[in-house]
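Below is one structure; the comments refer to it alone.
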Amino acid sequence: PFGSEDGGTTLPGGDLLAATWVASARLLLTLLSLLVILLDRTVPAEGDAGAFALAMSVSGAFFLTALGIRLTLARGRVSPQTLLLAGPIIDLALSGLLILATNGYLSPFTLWIVFAVVETAFVGRTRLTTVIAALGAVTHLLIALVPQARPLDTSVLLVRVSYLAGFAVLVGSVGGMLARRNRELAGIEDLGRRLQESTTLEEVAHVAVQVFQDVFWGVSVEVSCGDVAAQAGDARGAEPAAGWEAEPGVSVRVYRD
């Protein structure tokens, strides 16, 4: 499906498309960050050679990391889902260093933290959005505690942290919901296409198990078709989150933690 013309509508194709867009945006923004430091000599505020070298080093490392992620994704060395989950954490860590190296909490690069929160919408997991937003707010507060060239402006700090929290609510409720719905629709299409290609009940059961587990992030999925049954994952300690039954003798159980 990756190479097909409509690959973006399938479940793996949708993950790849989202990861590619995020990786490309990250690469472009890190390049722009480098240009800002080169062209605007008020960033960092100290303006001396040591501060400029530090800012360029951190920004360059950020750019190389973004380039490496984009190339790794293009060559299929890591799954798109892994990059979508790990990307916001990487961006928070590197942007925190970049902000410290370029005027601290007054840095023009504080919007990188917002970008990290926006990334989580492509995954569609509310828990991830909440965690990244909380880490972003903590990052803002920690940066504000570091002695910097300019005195701390509490009002600016509060506005930025509040803006981050509000943006997280918007992204988590709207963007995450849309991502989950798109993932479910892509899963339906993927299920239908693969069931059409199946020739035995055993293949049908295993296809259904895999697709349902991918779509709903289930810790375990059980599918039975008469005397044929398939199961993936471990259901111990988990409750059934969804179930379907049809005649004759067809059932699906999805377990989530």
Side-chain angles (χ1 to χ4, degrees), residues 1-4 6-23 69 72-90 119-132 172 175-257:
F2 289 174
S4 66
D6 63 342
T9 63
T10 64
L11 191 57
D15 288 344
L16 179 62
L17 184 63
T20 301
W21 273 103
V22 171
I69 291 175
T72 299
L73 180 63
R75 295 175 182 175
R77 301 284 180 82
V78 65
S79 71
Q81 188 65 221
T82 299
L83 288 180
L84 287 173
L85 290 171
I89 299 174
I90 295 173
E119 284 182 72
T120 63
F122 290 93
V123 182
R125 298 191 184 188
T126 305
R127 185 183 302 175
L128 178 64
T129 300
T130 304
V131 169
I132 295 300
M177 180 183 66
L178 293 176
R180 287 191 294 272
R181 294 297 177 265
N182 288 336
R183 187 175 184 84
E184 290 164 5
L185 291 173
I188 292 172
E189 180 185 4
D190 199 29
L191 178 63
R193 177 181 56 80
R194 294 177 61 185
L195 288 180
Q196 186 179 16
E197 298 169 354
S198 302
T199 57
T200 66
L201 269 181
E202 287 79 5
E203 290 182 19
V204 167
H206 283 92
V207 164
V209 162
Q210 183 179 352
V211 172
F212 279 118
Q213 190 170 34
D214 290 342
V215 170
F216 295 112
W217 294 304
V219 296
S220 179
V221 178
E222 300 171 354
V223 174
S224 63
C225 307
D227 295 332
V228 176
Q231 187 264 343
D234 187 355
R236 287 179 297 182
E239 294 293 332
W244 301 269
E245 293 184 0
E247 297 296 339
V250 177
S251 68
V252 177
R253 290 288 181 273
V254 178
Y255 296 83
R256 299 181 69 184
D257 58 13

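The minimum heavy-atom distance linking V211 with G187 is given by the pair CG1-O, 3.6 Å. Closest of all the heavy-atom pairs between L191 and A208 is CD1-CA, 4.0 Å. Taking every heavy atom of both residues into account, Q213 and A232 meet most closely at OE1-CB, 3.5 Å. Of all non-hydrogen atoms in L84 and A19, the two that sit nearest each other are CD2-CA, 3.7 Å. Scanning both residues, V204 and S198, for their nearest heavy atoms gives CG2-CB, 3.9 Å. Residues Q231 and S220 share a closest heavy-atom pair of NE2-OG, 3.0 Å.
In this structure, E119 contributes its side chain and A121 its backbone to no donor-acceptor pair below 3.5 Å. Side-chain N or O atoms of S224 include none that pairs as donor or acceptor with a backbone N or O of V250 at under 3.5 Å.
Ion pairing of D15 with R183 is present here, as a side-chain N (NZ or NE/NH1/NH2) and a carboxylate O approach within less than 4.0 Å. Using a 4.0 Å cut-off between charged side-chain N and carboxylate O, R193 and E197 make a salt bridge.
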Derivation of the side-chain contact (heavy atoms from CB on, under 4.5 Å) call for L73 and L16:
CA-CA 8 Å; L73 180 63; L16 179 62; 4.0 Å; yes
Where do Q81 and L85 land on the side-chain contact (heavy atoms from CB on, under 4.5 Å) test, with the steps shown first?
CA-CA 6 Å; Q81 188 65 221; L85 290 171; 4.1 Å; yes
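Exactly one of V223, V252, V254 qualifies for a side chain to side chain contact (heavy atoms under 4.5 Å, CB included) with V209. That residue is V223.
Checked against salt bridge (charged side-chain N to carboxylate O under 4.0 Å, His left out), R127 has no partners two or more places apart in sequence or in another chain. Every residue was checked against the ring-ring contact (aromatic ring centres under 6.0 Å, His included) condition with F216, not counting sequence neighbours, and none meets it.
Within the model, atoms OG1 of T130 and CZ of R125 stand 13.0 Å from one another, a figure rounded to the nearest 0.5 Å. Atom-to-atom distance recorded for D190:CG and Q210:CD is 8.0 Å, nearest 0.5 angstrom. Annotation: the span from T20 atom OG1 to L83 atom CG amounts to 9.0 Å, rounded to 0.5 Å. Atoms CG and CZ, on L128 and F122 in that order, are 13.0 Å from each other to the nearest 0.5 Å.
In this structure the side chain of I69 reaches within 4.5 angstrom of the side chain of I90, judged on heavy atoms.
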